[in-house]
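For reference, the structure discussed in these notes is given below.
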Amino acid sequence: MEKTFDPNKIEQACYQQWEKQGLFKPSGIGEPYCILLPPPNVTGNLHMGHAFQHTIMDALTRYHRMKGNNTLWQCGTDHAGIATQMVVERQLNADDLTRHDLGREKFVERVWDWKKESGGNISQQMRRLGTSPDWSREVFTMDENLSKAVQEVFIQLYNEGLIYRGKRLVNWDPVLLTAVSDLEVESEEEDGFMWHMRYPMADGSGDIVVATTRPETMLGDTAVAVNPEDERYQSYVGKFIKLPLTGREIPIIADDYVDAEFGTGCVKITPAHDFNDYDMGKRHNLPMINILTDDAKINDNAPADYQGLDRFDARKKVVSDLESLGLLVEIKPHKLKVPRGDRSQAVIEPYLTDQWYVAVESLAKPAIEAVKSGEIRFIPENWDKTYYQWMNNIQDWCISRQLWWGHRIPAWFDDAGNIYVGKDEQDVRQQNSLADDVVLKQDEDVLDTWFSSALWPFATMGWPEETPELDTFVPSSVLVTGFDIIFFWVARMIMMTKKFTGQIPFKDIYITGLVRDENGDKMSKSKGNVLDPIDVIDGIDLEALVAKRTSGMMKPKDAAKITKVTRKQFSDGIDAYGTDALRFTFAAMASTSRDINFDMSRVEGYRNFCNKIWNATRFVLMNTEEFDTGNKGGNLSLSVFDEWIWSRFQDTLAEFEKAIAQYRFDIAAQALYEFTWNQFCDWYLELSKAVLNSDKSSDDEKRGTRHTLINVLEHLMRLLHPVMPFITDEIAQKLKPLSANDSNAASIMVDAFPLYQVSRKNEQAENDIEWVKSFVVGIRNIRGEMDIPPSKKLPVLLANASSKDIDRLAKTQDYLVLLAKLESVSVLDNSEKAPASATAIVGEMEIMIPMAGLIDKDAELKRLNKSAEKLENDVKRTEGKLSNENFVGKAPEAVINKERAKLEDAQMQLSKIQEQIETIKAL
RNA sequence: GCGCCUAUAGCUCAGUUGGUUAGAGCGCUACCUUGACAUGGUAGAGGUCCCCUGUUCGAGUCAGGGUAGGCGCACCA
């Protein structure tokens with residue numbers, strides 16, 4: 001093996017082997033375990049958020065596969081209507097073309113071409129992460145069978161009256177020229193103005209002043225409203241004003257909605273361009289005058305002067321025209337929330353159009369119940385509140401989009417405007433007995449992307465066909481996803497799956513945090529702080545990184561700043577840390593759905609961990625490859641250390657499994673790291689040297705230690721594998737022939753996960769080794785603080801040793817000598833007087849290193865005083881507690897006993913140390 | 001307005017049903033190229049657990065009230 005771990009050399013080949021051998025498929029045996037991949041957009045590239053979530057999904061998948069579950073990770077990609085259409089349109093724009101130049105059919109063809117060419121990108125990147133979904137079942141949301149499911153669902157919901165078509169005010173994106181759902185609108189506070197405008201009374205009896213943030217909409221006003229309780233305006237109600245610029249006469253109405261305290265207390269009402277005004281218009285039967293075109297220009301319903309003007313130009317003109325008429329009272333700066341489309345960033349218009357809706361209320365009820373009853377569980381739990389809050393106030397879902405890329409709505413219209421819903425035109429004609437001469441035209445619109453995503457849990461399993469997968473993998477085990485799509489996706493999957501299969505879609509919902517940069521800032525192209533997981537795996541040099549971060553900037557002037565920051569932070573580029581290190585980092589940082597501040601130094605630390613594992617393996621192989629490891633017979637004599645490491649392995653295994661069951665990947669990772677580094681490497685490997693390099697060891701003893709070395713490591717690889725698939729596979733292949741593992745698994749990834757073995761637990765060995773550790777650490781501490789060179793071998797005297805201590809000494813003396821670098825160990829009997837020594841205390845035994853020629857009197861006094869001070873504090877605190885009547889009277893017996901024992905121990909140690917201090921002072 | 005989350009070492013974070021001396025990684029200091037590993041070893045320094053009040057024998061942990069920061073939903077003429 002190479003001296004240092006080089007992930008690049010092993011990862012790709014390893015993955016190809018797994019895939020070639022078909023190891024990602026469900027075994028067909030065992031309890032089903034299923035994870036649904038949230039289908040990434042085909043337009044997407046793997047970002048840190050994916051890498052994080054995929055690591056967790058893959059660790060769970062690999063763990064359960066090894067545990068013997070019939071495990072499926074269902075993967076696929078989403079057609080991402082708007083996003084994908086925008087990508088291809090942008091390509092066309094580069095050639096000065098629009099999608100209209102191509103026409104619908106050609107355009108859609110072109111999107112398919114693009115999908116074939118670039119759509120697989122993210123799947124390839126997932127392979128680099130070592131993910132193990134069943135690629136043979138990979139689906140695309142516009143595949144034939146998924147499209148069939150979409151159609152089926154649409155038709156059924158329509159027939160039940162749960163899908164309807166209606167003319168209403170929707171969120172209209174005047175740039176993308178489509179309706180969008182409430183969820184796709186983001187409102188940010190922006191600086192704007194409040195214009196106060198004077199509307200004269202129609203009868204010339206005065207005027208009324210209204211306040212608005214959108215003066216241009218006055219062209220569509222059909223009323224002015226005041227609060228019925230507002231005394232200032234009561235005499236106006238029922239009268240009319242003459243709307244400036246248009247000459248229309250519109251009524252003054254009274255409505256509770258109006259807040260008398262806000263603005264002037266008078267509201268202009270534009271039912272066709274404001275959601276609240278729309279409701280009021282309905283209540284008062286007001287006419288709805290639409291004054292905008294699809295692309296938000298003033299239309300023919302407005303006076304000729306304004307027709308054709310863009311909405312923002314119209315605003316300026318309305319304001320200046322009112323001003324010149326003396327009707328503009330004042331302009332106040334005003335902060336307001338501006339609704340923008342999440343894709344286009346265009347200001348969204350409330351706009352009156354015909355759209356398709358899902359009536360969700362009846363679907364929401366069972367979906368709420370599924371979480372309330374505990375059938376579906378959010379992890380962490382508090383997300384259920386977010387879920388309920390939205391679900392309890394859920395609005396009908398606008399599902400039609402005026403796009404070309406997506407699932408076409410299966411509805412046809414005749415010339416009379418009748419609607420027919422069915423599988424295709426022929427089906428529609430048949431169902432409705434339409435004569436051949438009736439002309440039918442299919443609805444031009446497509447469905448919201450999330451409509452098909454909502455069917456993911458069952459459509460991917462073959463629904464509406466009755467398939468074995470539907471029986472086996474619905475419901476799935478856990479959904480791993482971000483809180484940002486709880487409404488978009490999670491809630492809708494629950495509603496649809498409940499509705500169409502009667503089942504819940506998943507039992508657990510594990511909500512992950514966001515991956516941010518090391519300062520806690522959101523990673524974004526415009527901030528230039530984006531990290532590509534592939535760059536962390538493969539490494540990237542500085543120039544390439546700078547180029548990547550500054551290319552295609554929306555605001556080119558940001559590029560200079562980004563260049564500077566990047567050069568400073570990554571002056572040597574990014575090292576190739578490898579997939580396992582990256583995955584381990586994500587696991588270690590994944591605590592209870594907090595956001596992750598991704599820090600490169602963590603990856604570096606876990607890369608070092610990989611290297612540690614690698615080198616430990618080198619050591620183990622060096623000591624086992626050419627030797628008898630006892631796997632083909634021969635007596636094994638296990639040392640107390642061999643027994644100890646097996647015992648500790650069981651603890652680690654149990655801790656790992658418990659943590660995984662609770663989705664505490666950080667605790668799981670911590671357990672793996674601690675055992676591997678701090679127990680196996682730091683102590684066990686060092687101790688094995690004492691057996692292997694000693695002439696005193698018998699063949700049985702050496703065989704026992706070699707057997708332990710190879711098999712603990714082999715078990716450890718299987719334990720680590722779910723988190724670190726590559727390095728463990730590489731190493732396991734080398735270890736397996738030397739180990740006792742005689743399974744015929746094709747790879748560690750389909751081998752058995754280690755089983756907890758009670759018989760390997762050994763408390764006696766654990767206590768013995770704790771004693772050894774305290775012994776060794778005590779001496780190391782003296783050595784460290786006294787600046788005694790590591791090369792200097794020390795003679796050690798033991799005073800006040802009990803028979804148990806002497807027993808343990810006999811069992812472990814060789815280890816102590818090696819680990820603490822001792823020259824000799826002698827036990828003093830009670831009559832012997834110890835020479836002046838530096839002292840450490842283990843239990844009641846004193847470990848003494850004679851000072852002569854080695855240790856400085858003052859230094860040792862200082863060291864002893866420090867430790868005496870600590871003990872004195874302990875004694876004081878504990879005494880205080882125990883002398884408190886309330887404590888002794890009320891605390892549980894066990895706690896009091898603990899305190900008493902602690903006090904006794906501290907007093908004993910303190911007195912020994914004080915004795916030593918006196919002895920040394922006397923020198 | 002309604003709701004959620006966070007505050008612990010220089011940094012990033014753990015800390016279970018309240019109960020030993022509050023932990024880890026990174027960083028820092030000193031020493032060490034010893035035969036697996038300098039991507040390493042050994043030892044060490046470093047804490048007003050955001051603040052106040054309360055409950056309790058006992059509070060990082062529970063309750064109430066603040067402060068600071070983050071997020072979601074609704075409203076916004």
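Everything numeric here is computed off the predicted structure, so don't read it as measured data.
Side-chain N/O atoms of A/Asn608 include one lying less than 4.0 angstrom from OP1 or OP2 on B/rG40. An OP1 or OP2 oxygen of B/rA38 is reached within less than 4.0 angstrom by a side-chain nitrogen or oxygen of A/Lys3. The side chain of A/Lys792 contributes no N or O atom lying less than 4.0 Å from OP1 or OP2 of B/rU34. For A/Arg783 and B/rU42, the shortest distance from a side-chain N or O to OP1 or OP2 is not below 4.0 Å. One finds a side-chain N or O of A/Trp677 lying less than 4.0 angstrom from the OP1 or OP2 phosphate oxygen of B/rG41.
For the 3.5 Å distance criterion, the side chains of A/Thr386 and A/Gln389 fail to qualify, holding no donor opposite an acceptor. Side-chain atoms of A/Glu604 and A/Asn608 include no donor-acceptor pair closer than 3.5 Å. No hydrogens or angles considered: nothing links the side chains of A/Asp279 and A/Tyr257 as a donor-acceptor pair under 3.5 Å.
Ranked by how close their nearest RNA chain B nucleotide is to the 5' end, A/Pro789 and A/Tyr606 are led by A/Tyr606.
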* Which dot-bracket notation, 5' to 3', represents the base pairing of RNA chain B when pairs are defined as Watson-Crick or G-U with both distances under 3.5 Å, crossing pairs as [ ], and inter-strand pairs as |? -> (((((((..((((.....[...)))).(((((.......))))).....(((((..]....))))))))))))....
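Judged by atom type and distance alone, A/Arg607 reaches the base of B/rU39 through a side-chain donor-acceptor pair under 3.5 Å.
Here A/Asn781 lies in heavy-atom contact (under 4.0 Å) with sugar-phosphate atoms only.
With A/Arg706 as reference, A/Thr624 is the one residue of A/Leu738, A/Val691, A/Val620, A/Thr624 to meet the side chain to side chain contact (heavy atoms under 4.5 Å, CB included) rule.
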Below 3.5 Å is the cut-off: list the nitrogen or oxygen pairs between protein and nucleotides 68-73 of chain B, distance only.
| unit_1 | atom_1 | unit_2 | atom_2 | d |
| --- | --- | --- | --- | --- |
| B/rG72 | N2 | A/Gln389 | NE2 | 3.0 |

